[in-house]
Number of protein chains: 2
Amino acid sequence: MATIDDVARTAGVSKSTVSNVFSQKRPISKEVTERVLAAARKLNYRPNYWARSLANRTTRIIGLNMPGERVKFSLFHLSLMNGVLNECSLHGYRLLVNSLPKSYLNELPHVSSEPVDGDILLDPVEKDTRIAERIRKNLPVVVIGRPPGDFESKVSYVDNDNVANGENATQYLLRLGHNRILFLNASRYKTVSIDRGLGYRRSLEAAGVPFDPQLLIHKDPDMTSSSFGYSISKEMLMKLPDITAIITDTDKMALGVYRAASEMGIAIPDDLSVIAFSDDSVFAPEFNPPLTGIKLFGEQLGREAAKLLIDQCAAKQHSVKRILISTEMVERGSCAAASQNKGKIQGGMKNE
Amino acid sequence: MATIDDVARTAGVSKSTVSNVFSQKRPISKEVTERVLAAARKLNYRPNYWARSLANRTTRIIGLNMPGERVKFSLFHLSLMNGVLNECSLHGYRLLVNSLPKSYLNELPHVSSEPVDGDILLDPVEKDTRIAERIRKNLPVVVIGRPPGDFESKVSYVDNDNVANGENATQYLLRLGHNRILFLNASRYKTVSIDRGLGYRRSLEAAGVPFDPQLLIHKDPDMTSSSFGYSISKEMLMKLPDITAIITDTDKMALGVYRAASEMGIAIPDDLSVIAFSDDSVFAPEFNPPLTGIKLFGEQLGREAAKLLIDQCAAKQHSVKRILISTEMVERGSCAAASQNKGKIQGGMKNE
DNA sequence: TCAGTTAATAAAACCGGTTTAATATAACCT
DNA sequence: AGGTTATATTAAACCGGTTTTATTAACTGA
């Protein structure tokens, strides 16, 4: 590969002139510009990205960071990422997906600064070390989801109001007359599951319905959403037949619930109402019955996060911002009023 | 941020010693190593990624490249990416998603080399300029999908045998007695759609069924898969009621077909067979009826592509390799034998 | 004892750009 | 004409690492 010196020599000018022709930071006469570009074309030259980044102290790359070792993007992550990418291409940023295990990053030869101008952190958990790390390294950060504990006031983040989401989903079912509501929540420690769980409890409390800890279950991180939804709902519907409604973390999980219900001869929505936190508007309407849910607008979350981060990288400003993206309840047909006689059936009068 | 010079000064050693403590390329005495690490810890030092990349001429980053301006990852891309990421984290590579529009990259101030060691190219199209560009820049490349024209023998790639896939899907339907088969193919110019289209025609030919160009339609890139599947299948089923089977490019597209059929009172699979090229094993089985398809194993495609590329980056070898991932026909219930009287119905005896 | 290794560290050059400070020319003003 | 200002270009320092080539000290062996 040709270097800037080669071009300078060929064009008969100095390095800095070549540099300025490309960066356009200082004016160079039309004449000289032409000569330099001709030389560059002839040598098939393009400025070295790393050398430039080193000198500029900026990479125009932002990072997307998932916690944990085994990274597996979900449908929701896909929405987020599309939003992020969209915003990136608008501002000339590239996106680096960082999925290297800590064990690797801590080996001496691999210790280094991050090759990004800033990071978007996904799926914050309660004891999330990622934020403190980045603050220490003085790296701009935006979190998608609520940052844990103190960090809520220390870093910018974009989130849905998940306490409200939990409340709304629960309230919606309560109004339909359900009072034994199973909540299949996201995995424990994620702040999103904490928030939604809180909303769930608050709604119950407000309605005077006692909270039953058995009915709030966190996803097993080692299972797929759909198989978790299937097996846990089957088990719980067996064990506690008075459950008349289920809130699920995702549409895939809801699908598992559908399958369990169908196998058990439980009709949705007649015998069981299902509501999901779901961003999908292609598959959800085609569920049988169509799946009611709370739409989270993942793409918008991603876009706003990227926007915040890019602002922060560019302006070197450090105002901590919080953006809440409003959600939308989409009623489709998987929820119905609690059947009056369901209680009686549980009472033992099955054949009446 | 502290630099290597700061650490050297603090530890009372030379830069090169500090460098070697971190890179471990030359042995440094235990004693000195301790002193250097202590200084580094004290100063919160970590080697600068870009300075290192510049000196090493390697970034340990590979790129994932989508064609076109408006990048939007699909479900299938998600599978690919998960596979790629998996392999990356195994070998200490990061993944850069490059979605910058050409218009941006061609502006003088943004012209530069790529910040990656190599690129994985997605969705190759017939006149794909990306490959030649990278060969000119001497950048390792692996394509997912068949590279167009001459490049097939010039760059490594990972693909399914899409001619065979097209043949198999078609043959499967032919054997069931269908001979008016609508193929809703991927968008024109993609090599994958060309290959599948070829397989489709070959199977027809082999069975002595005349090829009707009306029955081979390419997706409109500006529509979503599902709405394209819906509108085009509705239109075609109206216009050519003798169609008894449809092959779709994706499961989402199949969903559109399902919706159209249901609105038109056409029963699947009794009146219409549907088969899709689909990687999904969560939603597809839950279609009503469950969707028969050819599974492409996107994650494996991604993994193998990453493996090839990383090999190529590391070894500087230039042997061109081709890997074909075998696919699997999954029969689920959306296809049935062509009903005997369907032809008669078309003949006008609707009420018989 | 002394040349011949070997091992650990250091000095200086290098990777390929940007940027600051200096210089040379042209243009402008009174 | 002489001094000021603006404009285009350049030399040299710098970004923060790695690497080649010394240098020094300690260890062989005859």
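Residue numbers start from 1 in every chain, and the chains themselves are labelled A, B, ... in the order their sequence lines are given, proteins ahead of strands.
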For [X] and [N], give me the distance from atom [atom1] to atom [atom2], rounded to whole Å.
{"X": "B:Glu31", "N": "C:dT9", "atom1": "CD", "atom2": "C1'", "result": "12 Å"}
{"X": "A:Gln24", "N": "C:dT18", "atom1": "CD", "atom2": "P", "result": "12 Å"}
{"X": "A:Phe22", "N": "D:dT9", "atom1": "CZ", "atom2": "C1'", "result": "17 Å"}
{"X": "A:Arg35", "N": "D:dT10", "atom1": "CZ", "atom2": "C1'", "result": "13 Å"}
{"X": "A:Met1", "N": "C:dG17", "atom1": "CE", "atom2": "C1'", "result": "15 Å"}
{"X": "A:Leu54", "N": "C:dT18", "atom1": "CG", "atom2": "P", "result": "11 Å"}
{"X": "A:Tyr49", "N": "C:dT18", "atom1": "OH", "atom2": "C1'", "result": "16 Å"}

| request: Work out how much the helix from C:dT1-D:dA30 to C:dT30-D:dA1 bends between its end axes, five pairs an end, to the nearest 10 degrees. | output: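 It works out to 40° between the end axes.
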
Partners of [X] by ring-ring contact (aromatic ring centres under 6.0 Å, His included), sequence neighbours excluded?
{"X": "A:His77", "answer": "A:Phe73"}
{"X": "B:Tyr157", "answer": "none"}
{"X": "A:Tyr189", "answer": "none"}
{"X": "A:Phe297", "answer": "none"}

I'd like to know if the side chain of [X] and the backbone of [Y] have a donor-acceptor N/O pair within less than 3.5 Å.
{"X": "A:Asn56", "Y": "A:Ser53", "answer": "no"}
{"X": "B:Ser113", "Y": "A:Tyr49", "answer": "yes"}
{"X": "A:Asn106", "Y": "A:Leu108", "answer": "no"}

| said: Between B:Glu299 and A:Lys72, does any NZ, NE, NH1 or NH2 come within less than 4.0 Å of an OD or OE carboxylate oxygen? | reply: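 Yes.
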
| Taking 4.0 angstrom as the limit, do B:Glu133 and B:Lys102 come out as a salt bridge? |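 Looking at B:Glu133 and B:Lys102, the cut-off is met.
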
| said: Would you say the ring centers of B:Tyr104 and A:Tyr93 fall short of 6.0 Å from each other? | reply: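 Centroid separation for B:Tyr104 and A:Tyr93: 6.0 Å or greater.
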
Anything under 3.5 Å between a protein N or O and an N or O of nucleotides 22-27 of chain C, put it in a table, one pair a line.
none

| Which parts of residues 3-10 of chain A get close to DNA chain C, meaning a heavy atom less than 4.0 angstrom away? |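 Correct list: A:Thr3, A:Ile4.
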
| request: Name all residues meeting the salt bridge (charged side-chain N to carboxylate O under 4.0 Å, His left out) criterion together with B:Arg9; count only those two or more places apart in sequence or in a different chain, and write none if there are none. | output: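 In terms of salt bridge (charged side-chain N to carboxylate O under 4.0 Å, His left out), with neighbours along the sequence ignored, B:Arg9 is linked to B:Asp6.
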
| request: Measure from the side chain of A:Arg52, starting at C-beta and using heavy atoms only, and say which of C:dG16, C:dT18, D:dT10 lies closest. | output: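 Taking heavy atoms from C-beta onward, the closest nucleotide is C:dT18.
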
| said: Tell me which residues in residues 37-47 of chain B lie within less than 4.0 Å of DNA chain D, going by non-hydrogen atoms. | reply: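 Contacting residues: B:Tyr45, B:Arg46, B:Pro47.
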
| message | Please classify the nucleic acid contact of B:Ser29 as base, sugar-phosphate, or nothing, using heavy-atom distances under 4.0 Å. | response |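 Since only primed, P, OP1 and OP2 atoms lie under 4.0 Å of B:Ser29, the category is sugar-phosphate.
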
| Which part of the nucleic acid, if any, lies within contact of A:Val13, taking any heavy atom under 4.0 Å across all strands shown: a base, the sugar-phosphate backbone alone, or nothing? |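 Here A:Val13 touches the backbone only, sparing every base.
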
| query | B:Arg57 or B:Val32: which one's nearest nucleotide on DNA chain C is closer to the 5' end? | reply |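 In this pair, the answer is B:Val32.
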
| task | Would you kindly compare A:Trp50 and B:Ser14 by the position of their nearest DNA chain C nucleotide and give the one closer to the 5′ end? | result |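 The residue mapped nearer the 5' terminus is B:Ser14.
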
| query | To the nearest 0.5 Å, what is the distance between CG (B:Leu95) and CG (A:Leu96)? | reply |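 Here the interatomic distance stands at 7.5 Å.
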
| task | Going 5' to 3' through nucleotides 19-28 of chain D, assign each nucleotide B (protein heavy atom under 4.0 Å from a base atom), S (under 4.0 Å only from sugar-phosphate atoms) or - (no protein heavy atom that close). | result | BB--------

| field | Qualifying side chain to side chain donor-acceptor pair (under 3.5 Å) pairs, either residue in residues 25-41 of chain B, two or more places apart | value |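 Residue pairs with at least one partner in residues 25-41 of chain B: there are none.
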
| request: Hey, could you give me each pair passing salt bridge (Lys or Arg N to Asp or Glu O under 4.0 Å) that has a residue in residues 141-154 of chain A? Not counting sequence neighbours. | output: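 Salt bridge (Lys or Arg N to Asp or Glu O under 4.0 Å) check on residues 141-154 of chain A returns A:Arg146-A:Asp195, A:Glu152-A:Arg322.
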
